[in-house]
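Okay, so here's the structure we're looking at.
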Amino acid sequence: MSIEDIVETETLVIGAGPTGLGAATRLNQLGREYLIADAAEQPGGLASTDVTEEGFYFDVGGHVIFSHYAYFDDAIHRALPNDDDWTTHQRVSYVRSAGNWVPYPYQNNVSQLPLDLRVKCVDGLLAAAEHRAQTPGHKPKNFDEWIVRNMGEGIADLFMRPYNYKVWGTPTTKMQCKWLGERVAAPNVRTVVRNALTMETAGNWGPNATFKFPMKDGTGGIWTAVSKQLPSKKFKLGKSGQVKNINAKDKIVIFDDGKKVKYQNLVSTMALDGLLDVLEGDKNDQTSIQKMKVAAKQGLVYSSTIVLGIGIRGQRPDRIGDKCWLYFPEDDAPFYRATIFSNYSPYNCPQDNIKLPTIQKADSSLSFDKEPKEGPYWSIMLEVCQSSEKPVDLDKLMENTIKGAISTELMLPTDEIVSLYERRFDHGYPTPSLGRDQAISQILPTLKDEFNIRSRGRFGSWKYECGNQDHSFMLGVEAVDNALFGTPEMTLHETDWVNGRRNLERRLL
Ligand SMILES: Cc1cc2nc3c(=O)[nH]c(=O)nc-3n(C[C@H](O)[C@H](O)[C@H](O)COP(=O)(O)OP(=O)(O)OC[C@H]3O[C@@H](n4cnc5c(N)ncnc54)[C@H](O)[C@@H]3O)c2cc1C
């Protein structure tokens, strides 16, 4: 290998999703030497947005920003600084249950269910409260026990078990419960009983009751704009950014085009299992690498996400109204969540005057006029989980999704479909499995202490509870500060603490 073949840099960042862009933003702010590489042609990773040839935009499933960090806010504000770069929305979210739309959170709104199911839910909730009083301090062993302890058997059977299985592709008995933190609303028994008797609904709960969304280019527009704040010469994208091999002994990364980068610090945001596959060391390192691979195989579980998008001609119907995202626990539809993506921005759909031909009616047996016609248009984005425990018939998925959309009243059989989108993302959700913590507590410190590799991000550090865009961005920022200054990485190691407050330690602006 001649010396000219090797580019040297202080910090190499693998991946230009939110985590990699967080790392690069921090390195840029500090004026340090770095490169950022990604196998994809565009930055953004799982927070990217695709556009169909007809002009409908679809994210990688429902992406809503709820930031815990001033630094993250600064970064996206600097990238998209104008008021008209964003739209703001009230969360309008429902669960489809027993033929009804139950406002989210389900547990506070069982008043919307038929009487027999309301009784089942309230009965289970009271039994759970009694049991908690008899067993104070008891710690549930898995997610299923947590659900029953906090919500009772009724809500468990009607919503929590089937919905979570549809999302994770793993039974709740095989998931841990430490990850939950603020994400799942613990019901107040008195409120639930009062609402169930008075037939009232409970108001918006939780952190993301309002949210803002980019006016143009979907969620991916944020990350394109963030990447544009950095010098383009720092990016290696596409084939030249695809990591083929990491030689940890010599600290050299070899890319698909044969080019090599020698680094002092490596921040990797590619999935941990993929990283271990391309990691090589000298003879002394083999045992550590082997042990990490075994730990990953035994403890790390993930599911794939398939995103389906449907573009429809016509006025958005009243039954859809200003709904944002909707949950589907039952098996009358293959998707677990639907987002009315056209409600997030008028630019998520083609403008009304664009003429598009109909591809099919929602009920594909109905005949239709093939002549291109003007809009208006609206769109639905749907998410399906696939895992080793939850197979999906990919050949029939679009057909079954449209049927599911009709049977759950999202669509009518006569709706004119003008655009269809389907894409599978192999690593979609990092499952909080029972063996996860043991695996990551073995792998992440070994990578850092023995190889000076900080593996961070949604699948880099495999912690769902700090795997949203704001967390991911800050995992990258904090990994850089840790590598350069030894600063503790609070998001990775103190996730509950970080999630419970607004973090003001760093500012970009
Ligand atoms: C269905 C779904 C819904 C979500 N909803 C929300 C939400 O509502 N709110 C929210 O804030 N977040 C949400 N997220 C999470 C958000 O997408 C992630 O926080 C974010 O994308 C993770 O960033 P990352 O950089 O860690 O990983 P990624 O985005 O996965 O980026 C990793 C990058 O590494 C690159 N890479 C992989 N292997 C290689 C290789 N060998 N060589 C070079 N490059 C490589 C990939 O191309 C990719 O660009 C959601 C995610 C999904 C899947």
Side-chain angles (χ1 to χ4, degrees), residues 1-24 27 32-40 43 45 234-297 299-300 302 426-427 430 439-440 442-462 472 475-476 478-480 482-484 489 492:
M1 179 194 308
S2 84
I3 201 83
E4 303 84 69
D5 291 336
I6 305 180
V7 174
E8 293 197 25
T9 191
E10 185 186 30
T11 303
L12 176 63
V13 180
I14 301 176
T19 310
L21 290 171
L27 287 160
R32 306 296 284 238
E33 210 183 62
Y34 69 96
L35 285 173
I36 172 165
D38 198 304
K234 298 287 183 191
F235 285 85
K236 279 168 78 63
L237 297 175
K239 225 174 153 42
S240 70
Q242 163 114 34
V243 172
K244 230 174 86 183
N245 177 275
I246 300 172
N247 175 341
K249 181 177 168 287
D250 298 328
K251 295 192 168 174
I252 290 176
V253 169
I254 305 176
F255 290 91
D256 208 40
D257 61 0
K259 299 260 167 58
K260 302 178 179 80
V261 173
K262 185 163 171 56
Y263 60 85
Q264 291 172 38
N265 306 306
L266 185 62
V267 176
S268 170
T269 75
M270 58 193 281
L272 205 40
D273 48 353
L275 170 69
L276 295 176
D277 283 344
V278 296
L279 183 65
E280 284 178 11
D282 66 10
K283 262 199 257 138
N284 300 332
D285 298 327
Q286 291 317 318
T287 318
S288 290
I289 295 176
Q290 203 41 43
K291 275 192 186 158
M292 286 192 286
K293 283 187 173 172
V294 171
K297 212 170 166 40
L300 299 184
Y302 73 95
D426 185 66
H427 282 62
I440 56 179
Q442 188 179 339
I443 301 167
L444 297 183
T446 307
L447 282 173
K448 183 178 151 202
D449 299 339
E450 294 186 27
F451 299 95
N452 197 27
I453 298 174
R454 285 164 181 78
S455 180
R456 304 289 182 261
R458 185 169 174 95
F459 281 100
S461 35
W462 217 282
S472 298
L475 284 170
E478 293 175 11
V480 165
N482 181 261
L484 300 179
E489 297 176 79
L492 181 66

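Given the structure is predicted, the values throughout are model-derived calculations rather than measurements. The figures that follow rest on heavy atoms only: side chains count, while hydrogens, waters and symmetry mates do not.
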Checklist entry - Would Leu275 and Ile246 count as a side chain to side chain contact (heavy atoms under 4.5 Å, CB included) if you check the C-alpha gap in whole Å, the side-chain angles of each, and the deciding distance to 0.1 Å? => result CA-CA 8 Å; Leu275 170 69; Ile246 300 172; 3.3 Å; yes

Checklist entry - With sequence neighbours left out, what residues match Asp426 under salt bridge (Lys or Arg N to Asp or Glu O under 4.0 Å)? => result Arg424

Checklist outcome for this item: Correct closest heavy-atom pair for Gly460 and Ser455 would be O-OG, 2.7 Å

Next on the checklist: Using the salt bridge (Lys or Arg N to Asp or Glu O under 4.0 Å) criterion, which residues pair with Asp256? Sequence neighbours excluded.
Outcome noted: Lys239

Next on the checklist: Going by side-chain hydrogen bond (donor to acceptor under 3.5 Å, both in side chains), name the residues that satisfy it together with Thr11, two or more places apart in sequence or in a different chain.
Outcome noted: Asn265

Checklist entry - Between His427 and Trp462, is any pair of side-chain heavy atoms under 4.5 Å apart? => result yes

Checklist entry - What's the shortest heavy-atom distance between Pro43 and Leu21, and which atoms? => result CB-CD1, 4.3 Å

Checklist entry - From Leu272 CG over to Ser461 OG, what is the distance, rounded to the nearest 0.5 angstrom? => result 8.0 Å

Item to check | Thr9 side chain reached by Val261 side chain, heavy atoms, under 4.5 Å | outcome: yes

Checklist entry - Does the side chain of Asp38 come within less than 4.5 Å of Phe235's, by heavy atoms? => result no

Checklist entry - So which heavy atom on Tyr263 is nearest to which on Ile252, and how close? => result CE2-N, 3.7 Å

Checklist entry - Closest approach of Leu279 and Ala248, non-hydrogen atoms and distance? => result CD1-CB, 3.8 Å

Next on the checklist: What's the separation between atom OG in Ser268 and atom CG in Leu12, rounded to the nearest 0.5 Å?
Outcome noted: 9.0 Å

Item to check | Side chains of Val13 and Leu27 in contact at under 4.5 Å (non-hydrogen atoms) | outcome: yes

Item to check | Gap separating the CG atom of Leu35 from the CD1 atom of Ile14, nearest 0.5 angstrom | outcome: 11.5 Å

Checklist entry - So, the side chain of Asp285 versus the backbone of Asp282: is there a donor-acceptor pair under 3.5 Å, distance only? => result yes

Checklist entry - Once you round to the nearest 0.5 Å, how far does CG of Leu237 lie from CD1 of Ile36? => result 8.0 Å

Checklist entry - Do the non-hydrogen side-chain atoms of Lys251 and Leu266 ever get within less than 4.5 Å of each other? => result no

Checklist entry - Who pairs with Glu10 by salt bridge (Lys or Arg N to Asp or Glu O under 4.0 Å), at least two apart in sequence or on another chain? => result Arg32

Checklist entry - Taking atom NZ of Lys291 and atom OG1 of Thr446, what is their separation to the nearest 0.5 Å? => result 8.5 Å

Item to check | Residue list, side-chain hydrogen bond (donor to acceptor under 3.5 Å, both in side chains) with Glu450, at least two apart or on another chain | outcome: Ser288

Checklist entry - Does a side-chain N-to-carboxylate-O contact under 4.0 Å join Arg456 and Glu489? => result yes

Item to check | Within-4.5 Å side-chain heavy-atom neighbours: Asn247 and Ile254 | outcome: no

Checklist entry - If we only count heavy atoms from C-beta on, is the Tyr302 to Asp273 side-chain gap below 4.5 Å? => result yes

Checklist entry - Between Lys448 and Ile453, does a side chain to side chain contact (heavy atoms under 4.5 Å, CB included) hold up when you go through it step by step? => result CA-CA 5 Å; Lys448 183 178 151 202; Ile453 298 174; over 6 Å; no

Checklist entry - Taking the six-membered ring of Phe255, is the NZ or CZ of Lys236 close enough (under 6.0 Å from the centre) and on axis enough (within 45°)? => result yes

Checklist entry - Closest approach of Thr269 and Gly15, non-hydrogen atoms and distance? => result OG1-CA, 3.3 Å

Next on the checklist: Nearest 0.5 Å, please: how far is CG in Asn452 from CG in Leu447?
Outcome noted: 10.5 Å

Checklist entry - For Lys293, which residues count as a salt bridge (Lys or Arg N to Asp or Glu O under 4.0 Å) partner, sequence neighbours excluded? => result none

Item to check | Contact summary for Ala23 and Val267, nearest pair of heavy atoms | outcome: CB-CG1, 4.4 Å

Item to check | Short side-chain to backbone donor-acceptor contact, Ser472 and Gly457, under 3.5 Å | outcome: no

Checklist entry - Heavy atoms, side chains only, cut-off 4.5 Å: are Val253 and Lys262 in contact? => result no

